[in-house]
Chemist: 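First, the structure itself, so that you have it in front of you.
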Amino acid sequence: MNDSAWISASWLARSSLAVAPDLIGCTLARQLASGPIYRGLIVETEAYMAGDPACHGYRKQTRRNAPMFGKAGHAYIYLIYGMYHCFNVVTDREGLASAVLIRAILPPTSLPPRPKDLKGKPERYGAGPGKLCRLFHIDRTLSGLPLQPRSGLWLEPRSPDFAQKLTQGGHQIIQTTRIGLSQGQDLPWRWYLNHCQAVSIARKSNQNMG
DNA sequence: CACCAGATCTCT
DNA sequence: GAGATCTGGTGT
């Protein structure tokens, strides 16, 4: 394959509110050290930004959240509940804490090694920010790396087929509120692809926004 | 040093 | 819907 198709930092250097819906239908790509490349379609995202009480960078910069304050197009990955990792795409301009959390992907038909850690149906192996990181072997050693093929972690734009289905109404992107927050629950900063198995079903119902 | 977390699984 | 899980980040 050629490397020319990956999403550039400049495309990501916009408000997370603009990037988050635009990433639906794009592809998360991961190349393991052993060589093989895996790809999953992004179907659920959330935006976090400066001034947002739910944003890790809301208070101040720390060693953990430093990538969020950095340049767009880098990874911000953190450990949550001591057991899971969450993968974010850094957005906007340097100095502003801003990122898009990738919450769900459609898993590839050929799965990476050790999928035994994952329970349930294969079509839901990417359903949840912690699960997709386990599936693609993403952990915080990758935090701060630029999203490009040589990092083993990158993004690819929507296929023409997906873009066409969006404009023709075959695909719909739903905007709703974010999940699992104690603050900022009312902000409609979550997007997902409608009728999609991998989206966090538990909270699909919170479309209580009209 | 103590508390708790942008989650998930396994029950009920 | 609730409890267990597990460890690093953050504030006292």
Side-chain angles (χ1 to χ4, degrees), chain A residues 12 15-17 19-21 23-24 28 40 42-70 74-92 96-107 111-112 114-145 153 174-193 196-209:
Chain A
L12 296 164
S15 165
S16 58
L17 299 182
V19 173
L23 279 176
I24 302 290
L28 175 64
I42 296 170
V43 293
E44 184 180 355
T45 59
E46 284 180 1
Y48 293 85
M49 62 186 295
D52 165 17
C55 177
H56 278 188
Y58 182 59
R59 290 178 178 277
K60 63 174 183 184
Q61 185 171 334
T62 65
R63 184 161 148 192
R64 176 180 66 150
N65 68 20
M68 279 191 111
F69 291 81
H74 288 235
Y76 167 49
I77 299 156
Y78 60 89
L79 184 67
I80 183 71
Y81 300 117
M83 331 169 57
Y84 302 102
H85 295 272
C86 290
F87 167 60
N88 298 258
V89 177
V90 176
T91 56
D92 219 311
L96 282 182
S98 170
V100 173
L101 172 68
I102 307 300
R103 289 195 56 90
I105 59 171
L106 291 184
L111 292 170
R114 278 186 292 140
K116 288 171 189 166
D117 296 5
L118 295 160
K119 318 275 181 168
K121 303 174 180 176
E123 61 266 31
R124 291 194 52 80
Y125 282 174
K131 290 176 78 173
L132 72 89
C133 284
R134 264 191 304 180
L135 181 68
F136 272 10
H137 300 205
I138 294 170
D139 62 34
R140 73 202 137 87
T141 62
L142 301 170
S143 192
L145 292 183
L153 187 63
I174 309 294
Q175 179 176 10
T176 179
T177 51
R178 297 176 295 183
I179 288 180
L181 309 185
S182 51
Q183 297 187 77
Q185 310 95 310
D186 299 332
L187 298 170
W189 290 357
R190 173 174 168 245
W191 289 265
Y192 66 85
L193 186 62
C196 181
Q197 279 262 316
V199 170
S200 309
I201 354 182
R203 321 288 169 36
K204 244 186 207 172
S205 54
N206 72 348
Q207 299 171 52
N208 49 355
M209 352 177 351

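Note that these values count all heavy atoms, side chains included, but never hydrogens, waters or copies made by symmetry. Bear in mind the structure is a predicted one, so any value in this text is a computation, not a measurement.
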Chemist: Under 4.5 Å between any side-chain heavy atoms of A:Ile102 and A:Val89, yes or no?
Modeler: yes
Chemist: Out of C:dG8, B:dA7, B:dG6, which has the shortest distance to the side chain of A:Arg140?
Modeler: C:dG8
Chemist: Tell me if a side-chain donor or acceptor on A:Asn65 pairs with a main-chain N or O of A:His56 at a distance below 3.5 Å.
Modeler: yes
Chemist: Using a cut-off of 4.0 Å on non-hydrogen atoms, how would the nucleic acid contact of A:Ile80 be classed: base, sugar-phosphate, or nothing?
Modeler: sugar-phosphate
Chemist: Are A:Arg64 and A:Tyr76 packed together at the side-chain level, in the sense that at least one heavy-atom pair is separated by less than 4.5 angstrom?
Modeler: yes
Chemist: Measure from NZ on A:Lys131 to P on B:dT10 and round the result to the nearest Å.
Modeler: 10 Å
Chemist: Do any N or O atoms from the side chain of A:Arg140 and from the backbone of A:His85 form a donor-acceptor pair under 3.5 angstrom?
Modeler: no
Chemist: I want to verify a distance call: between B:dT8, C:dT10, B:dG6, whose nearest atom is closest to the A:Thr62 side chain?
Modeler: C:dT10
Chemist: What's A:Arg63 touching, base or sugar-phosphate or nothing? Going by heavy atoms closer than 4.0 Å.
Modeler: nothing
Chemist: Once you round it to whole Å, what is the distance between C1' of C:dG8 and CG of A:Asp139?
Modeler: 14 Å
Chemist: NE2 of A:His56 versus P of C:dT10: gap in Å, rounded?
Modeler: 8 Å
Chemist: Where the side chain of A:Leu181 is concerned, which of B:dG6, C:dG8, B:dC9 is the nearest nucleotide?
Modeler: B:dG6
Chemist: Check whether any side-chain N or O of A:Arg59 sits under 4.0 Å from OP1 or OP2 of C:dG9, and answer yes or no.
Modeler: no
Chemist: Between B:dG6, B:dT8, C:dG8, which nucleotide has the shortest distance from any of its atoms to the side chain of A:Tyr48?
Modeler: B:dG6
Chemist: Has A:Lys119 got a side-chain N or O lying under 4.0 Å from the OP1 or OP2 atom of B:dT10?
Modeler: yes
Chemist: Do A:Leu17 and A:Trp191 have side-chain heavy atoms sitting under 4.5 Å apart?
Modeler: yes
Chemist: Of the candidate nucleotides B:dA7, B:dG6, C:dT10, which contains the atom at the shortest distance from the side chain of A:Tyr81?
Modeler: B:dA7
Chemist: Any donor-acceptor pair under 3.5 Å linking the side chain of A:Ser16 with the backbone of A:Val100?
Modeler: no
Chemist: For DNA chain C, produce a single dot-bracket line, 5' to 3'. Pairs: Watson-Crick or G-U wobble, both distances under 3.5 Å. Symbols: ( ) within strand, [ ] crossing, | other strand, . unpaired.
Modeler: |||||.|||||.
Chemist: Below 4.0 angstrom from OP1 or OP2 of C:dG11, is there any side-chain N or O of A:Lys60?
Modeler: yes
Chemist: Can a side chain N or O of A:Arg134 be found less than 4.0 Å away from OP1 or OP2 on B:dC9?
Modeler: yes
Chemist: Would you indicate whether the side-chain heavy atoms of A:Leu28 and A:Leu153 approach each other to under 4.5 Å?
Modeler: yes
